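In this text the structure is predicted, and so the values were computed from the model without any measurement. Count residues from 1 along the sequence. For ligands, and for the atoms within them, numbers begin at 1 and follow the listed sequence.
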Amino acid sequence: QKKLLEQSQETHEFQAETGRLMDILINSLYTQKEIFLRELISNAADALDKLRFLSVRNPEILGDKTELAIRIEINTEEKSVSVTDSGIGMTKNDLISNLGTIAKSGTTQFIEAIKGGNVNLIGQFGVGFYSCFLAGQKVTVASKNTDDDQYIWESQAAHSFAVSKDPRGNTLGRGTQVTIHLKQDAVEFAEESTIRELIKKYSEFINFPIYLKVTREVSKQVEEESEQQDQ
Ligand SMILES: COC(=O)c1c(O)cc(O)c(Cl)c1CCC(=O)Nc1cc(O)c(OC)cc1O
């Protein structure tokens, strides 16, 4: 299965400027890892706004997935955090162009702002997504737009990313799910108390409901031990 996925994956180099920007972002903001959550919540809200705007003119775009919401899930076993929205979603080409290139102009101002430590400017350049690599050693983005099948984009930074059709099929219905596989020094973001506090901090101006789900898989080993104690 793993081999199959690798064969079906297309690997892409980040556009050179994107790679440089990611390096600067990660090197200058490594002490403020938590901003990844602010950027993901903000991107999710933007994608929901885009959908809501389009649905005013053609309501059928909502299909049967009419709820516009953001779901955050932490998995304490796998040390991952995911942010899922039922927004407009991205096609395969959107994933490659939006996440692989800095299509926005003004990247030099962005770099000056980051070097000056002005983290609030990140979102304005549409590149907040790369802050995921402050906390994540690997980032996976699954997305479903009405114009395409569901695709997966995956990267471990290091200047390249892979795109493949999602072998799970259309599990999202519509929208985007960003999953961050946390770095060893960022596992605090898989703790419920940490995430609850950050959601409160960064959801003040968000006009969509944000739900939190905590998945705690107790490893098989521990269950067996507890059974022995009971006997
Ligand atoms: C449409 O946006 C998304 O699907 C989406 C989301 O729902 C949640 C997310 O965390 C992210 Cl990162 C996205 C993609 C947002 C994005 O990168 N948009 C974007 C970036 C560009 O460079 C661009 O240039 C033309 C256009 C974009 O929409």
Verify whether one side chain among [X] and [Y] offers a donor that lies under 3.5 Å from an acceptor in the other.
{"X": "Thr84", "Y": "Glu73", "result": "no"}
{"X": "Thr176", "Y": "Ser143", "result": "yes"}
{"X": "Gln150", "Y": "Thr171", "result": "yes"}

Handout entry: ligand 1 contact on Val141 by region, counting heavy-atom pairs under 4.0 Å
Key =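 Near ligand 1, Val141 shows nothing, with every heavy atom at 4.0 Å or more.
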Practice task
Check whether Ile199 and Val214 end up in the same hydrophobic cluster, where Ile, Leu, Val, Met, Phe, Trp and Tyr are linked by side-chain heavy atoms less than 4.5 Å apart.
Solution key: yes
Practice task
Spell out, yes or no, whether Ile35 and Ile24 are grouped together once hydrophobic residues are joined by side-chain heavy atoms under 4.5 Å, including indirect joins.
Solution key: yes
Problem - Lys50 near ligand 1 by a heavy-atom separation under 4.0 Å - result: yes
Closer than 4.0 Å to some heavy atom of [X] - which atoms of ligand 1 meet that?
{"X": "Val178", "value": "10 (O)"}
{"X": "Ile88", "value": "1 (C)"}
{"X": "Phe129", "value": "12 (Cl)"}
{"X": "Asp85", "value": "6 (C), 7 (O), 8 (C)"}
{"X": "Leu40", "value": "10 (O)"}

Practice task
Tell me which one of Thr176, Leu99, Leu95, Asp46 gets a heavy atom nearest to atom 17 (O) of ligand 1.
Solution key: Leu99
Problem - Proximity winner for atom 20 (C) of ligand 1, if only heavy atoms of Asn98, Asp49, Asn43 are counted - result: Asn98
Handout entry: Partners meeting ring pair (Phe, Tyr, Trp, His ring centres under 6.0 Å) with His181 (sequence neighbours left out)
Key = none
Practice task
Answer yes or no: is there an ion pair linking Asp166 with Lys144, defined by an N-O contact shorter than 4.0 Å?
Solution key: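 Lys144 and Asp166: not salt-bridged.
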